[in-house]
Each structure stands twice: as structure tokens, then as C-alpha cells.
Trainee: 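Structure incoming, see below.
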There are 2 protein chains.
Amino acid sequence: MKRNLEHIEYKKDTEALAKFAKALGHPTRIAILKHLEKQSCCFTGDLVEVFPLAQSTVSQHLKELKNVGLIQGELKPPKIKYCINQENWTIAKSLFQDFFS
Amino acid sequence: MKRNLEHIEYKKDTEALAKFAKALGHPTRIAILKHLEKQSCCFTGDLVEVFPLAQSTVSQHLKELKNVGLIQGELKPPKIKYCINQENWTIAKSLFQDFFS
DNA sequence: ATTAACTATCGTAAATTTACGATGGATTTT
DNA sequence: AAAATCCATCGTAAATTTACGATAGTTAAT
């Protein structure tokens with residue numbers, strides 16, 4: 001049973017858009033980002049109180065958002081302050097805008 | 001080892017946006033939609049020729065896009081003509097617009 | 001009535017995602 | 001130095017996704 005495990009190569013924009021969309025593809029992550037839009041910034045602990053999820057789960061979602069560059073973490077010992085990464089946010093925004101235009 | 005398998009309830013808009021984003025979260029589906037934007041409509045077979053994927057795989061991606069309402073299929077025997085569902089497309093568009101505003 | 005063309009669906013395996021508790025590392029406070 | 005706080009990471013189980021080939025269903029053509 002042969003199976004093709006290689007990935008097709010798409011255009012850069014297509015890949016980038018899909019990557020951002022995938023990161024947005026979970027309601028918890030949308031809710032986290034909406035929270036960050038309102039508050040501009042927040043700590044992991046704040047989110048753990050807002051969502052009925054384990055701390056490790058929230059941390060994992062934050063990691064994914066960080067990996068695609070939508071947010072960034074700043075060390076404010078002993079906490080970590082998360083903010084939206086404006087640069088990449090703008091990039092994502094225009095990718096979606098172009099797509100839906 | 002207890003685990004919470006229930007889903008958190010989010011606001012309607014949050015759930016809707018996440019659902020659309022999830023559907024857009026794969027480069028093949030982005031590429032399919034871009035193709036549909038250009039061509040306005042196409043048949044499954046057209047896409048099978050464009051993408052180096054099995055027919056069943058393309059069909060599966062189309063099904064997901066149909067399930068979230070981004071496209072619709074019209075019977076044009078013996079083919080099926082797929083188009084963008086303008087109504088839901090507009091809904092998705094404004095959800096993303098509002099989100100990134 | 002057969003056959004051909006087109007596409008959905010089934011069955012499946014591998015990979016990924018999502019959730020949790022437990023652990024560990026870094027800094028602050030005591 | 002010890003304890004407490006905050007958070008990432010590890011290990012892991014269940015669920016979901018992604019891909020394929022094979023099969024089945026539907027309509028058109030022969």
C-alpha cells in the first residue's frame with residue numbers, strides 16, 4: 001500500500017495563508033487573539049483563568065500562535081507577557097484581504 | 001487518567017470564524033478556492049488534473065469546503081460543477097475583516 | 001442493455017492535533 | 001538556602017486529518 005507522504009509545493013502566498021488559517025482554525029486560539037486585541041497584552045496566567053482549560057493546554061495554544069508569528073512573548077519575570085505581533089498580523093491581514101477581495 | 005473530552009462553548013462568531021479558518025487551513029484547499037475565484041466554476045476532474053493528488057483526495061477536500069459552505073456543487077451530469085457559495089463567502093469575508101480590523 | 005465517464009464514498013494507515021497531568025527551569029520572595 | 005510562583009515542556013491517549021486505492025453509484029453514449 002504505497003502512499004505519497006511528500007508535500008506538494010504551492011506558491012509562497014498560498015502556503016503562508018494556509019499556515020495562518022490553520023493557526024486560526026481553533027476557537028480557543030481565536031478567543032485568545034480576540035482577548036489580546038482587546039487587552040493589547042496579557043500573561044499566560046490571565047488566559048488560564050479565562051478559559052476552562054489546563055495550563056499546559058493554554059500554553060500549547062500560545063506556542064502555536066507564536067510559531068506562526070501571530071503573537072510574541074516578552075519576559076517579564078516571573079511572568080511572560082504576550083502581545084500580538086503587529087508586523088505579522090498585518091501580513092496575515094492583507095493575505096486574507098487579498099484572498100477574499 | 002481523566003481527560004476532558006467535552007468542548008468549550010464559545011461565542012457564535014468565534015466558532016464560525018474558527019470553522020472557516022480551519023477549512024482554509026490547508027494549502028490545497030486554498031489553491032482550490034483561488035482556482036474557483038479565477039474560473040468562477042469548475043469540475044472535480046479539472047482539479048484532479050491541476051493537482052498531483054488522487055481523485056479521492058481532491059474529492060475529500062471539496063467535501064470539506066462544501067461542508068463549511070464555502071463552495072457548492074451543482075449536478076451537470078455526468079459531471080459536478082463546483083462554484084463558490086457567494087452568500088457564505090461574504091459571511092466568511094466579513095468575519096475575517098472584523099477579526100483583523 | 002452494456003459500456004464508458006465522472007465522482008462520491010469506503011476502508012485504511014500514517015501523521016497531526018488536542019487535551020491532560022506531571023515534571024522541570026527560572027526568578028522572586030521568605 | 002528554601003519555598004513559592006509562573007510557565008514551558010515532556011509523555012501520552014484519544015480524536016481528527018490527510019492521503020491512497022478500491023469500490024459503488026449515476027448519467028450519457030453506444
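Throughout, a chain's letter reflects where its sequence line sits, starting with A, and its residues are numbered from 1. Only heavy atoms go into these numbers, but all of them, side chains included; no hydrogens, no water, no symmetry mates.
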Trainee: Pick out which of B:K11, B:K22, B:E15, B:H7 makes a side-chain contact (heavy atoms from CB on, under 4.5 Å) with A:P27.
Mentor: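 Going through B:K11, B:K22, B:E15, B:H7 one by one, the side-chain contact (heavy atoms from CB on, under 4.5 Å) with A:P27 is satisfied by B:E15 alone.
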Trainee: At less than 4.0 Å, is any side-chain N or O atom of B:H7 found next to OP1 or OP2 of C:dT18? Yes or no.
Mentor: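 For C:dT18, neither OP1 nor OP2 has a side-chain N or O of B:H7 closer than 4.0 Å.
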Trainee: A:K79 has an atom NZ; how far is it from atom C1' of C:dT29, in whole Å?
Mentor: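 It is 14 Å, rounded to the nearest whole Å.
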Trainee: Cation-pi check for B:F43 against B:K81: NZ or CZ below 6.0 Å from the six-membered ring centre and within 45 degrees of the axis, yes or no?
Mentor: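 Judged by the rule, B:K81 and B:F43 form no cation-pi pair.
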Trainee: Figure out the NZ/P separation between B:K63 and C:dC10, and round it to whole Å.
Mentor: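 Whole-Å distance recorded here is 7 Å.
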Trainee: B:I8 CD1 to C:dT18 P: how many Å, rounded?
Mentor: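 Going from CD1 in B:I8 over to P in C:dT18 covers 12 Å.
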Trainee: State, with a plain yes or no, whether a side-chain heavy atom of A:F99 is found less than 4.5 Å away from one of B:E37.
Mentor: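 When only atoms from C-beta onward are counted, B:E37 and A:F99 do touch, with a gap below 4.5 Å.
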Trainee: Indicate whether OP1 or OP2 belonging to D:dC6 is found under 4.0 Å from a side-chain N or O atom of A:Y82.
Mentor: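 For A:Y82, the contact criterion (side-chain N or O under 4.0 Å from OP1 or OP2 of D:dC6) is not met.
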Trainee: Have a look at B:F51 and say if it touches a base, only the backbone sugar-phosphate, or nothing, with a 4.0 Å heavy-atom cut-off.
Mentor: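 Since no nucleic acid heavy atom lies under 4.0 Å of B:F51, the category is nothing.
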Trainee: Rounded to whole angstrom units, what separation is found between the CD atom of A:E74 and the C1' atom of D:dC7?
Mentor: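 Rounded to whole Å, this separation is 16 Å.
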Trainee: Is a donor on one side and an acceptor on the other found under 3.5 Å between the side chain of B:S59 and the backbone of B:Q55?
Mentor: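 Checking the backbone N and O of B:Q55 against the side chain of B:S59, no donor-acceptor pair under 3.5 Å is found.
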Trainee: Of the listed nucleotides (C:dA8, C:dA19, D:dA8), which one gets closest to any side-chain atom of A:Q55?
Mentor: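 Of the candidates, D:dA8 comes closest.
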Trainee: Would you kindly give the CD-to-P distance between A:Q72 and D:dC7, to the nearest whole Å?
Mentor: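 Going from CD in A:Q72 over to P in D:dC7 covers 17 Å.
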Trainee: Nearest to the side chain of A:T44, heavy atoms from C-beta on, is which of D:dA8, C:dT7, C:dG21?
Mentor: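 Among D:dA8, C:dT7, C:dG21, the one nearest the side chain of A:T44 is D:dA8.
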Trainee: Going by heavy atoms closer than 4.0 Å, what residues in residues 22-36 of chain B are next to DNA chain D?
Mentor: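 Residues of residues 22-36 of chain B that come under 4.0 Å of DNA chain D are, in numerical order, B:K22, B:H26, B:R29.
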Trainee: What's B:S56 touching, base or sugar-phosphate or nothing? Going by heavy atoms closer than 4.0 Å.
Mentor: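 Base, at least one base atom sits under 4.0 Å.
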Trainee: With nearest nucleotide decided by heavy atoms, which residue, B:F43 or B:Q60, maps closer to the 5′ end of DNA chain C?
Mentor: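 Per heavy-atom nearest nucleotide, the more 5' residue is B:F43.
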Trainee: Taking the side chain as every heavy atom from C-beta outward, state whether B:I84 and B:L70 have any atom pair closer than 4.5 Å.
Mentor: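 Side-chain contact under 4.5 Å: no.
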Trainee: Over all strands shown, is A:S59 touching base, sugar-phosphate only, or nothing at heavy-atom distances under 4.0 angstrom?
Mentor: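 Base contact - A:S59 has a heavy atom under 4.0 Å of at least one base atom.
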Trainee: Rounded off to whole Å, could you give me the CG-to-P distance for the B:L47 and C:dT7 pair?
Mentor: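 For the pair B:L47 CG and C:dT7 P, the rounded distance is 9 Å.
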Trainee: Take atom NZ of A:K66 and atom P of D:dC7, then tell me their distance rounded to the nearest Å.
Mentor: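 Those two atoms, NZ and P, are 12 Å apart.
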Trainee: Considering only heavy atoms from C-beta outward, does the side chain of B:I80 approach that of B:E74 to under 4.5 Å?
Mentor: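 Side-chain contact under 4.5 Å: no.
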Trainee: Are a donor atom and an acceptor atom from the side chains of B:K79 and B:T44 found within less than 3.5 Å of each other?
Mentor: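 There is no such pair between these side chains.
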Trainee: Hey, does the side chain of B:T57 come within less than 4.0 Å of D:dA19's phosphate (OP1/OP2), counting only N and O?
Mentor: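 So the side chain of B:T57 is outside the cut-off, no N or O lying under 4.0 Å from OP1 or OP2 of D:dA19.
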Trainee: Please give, in whole Å, the distance from C:dT17 P to A:N67 CG?
Mentor: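 Going from A:N67 (CG) to C:dT17 (P), I get 11 Å.
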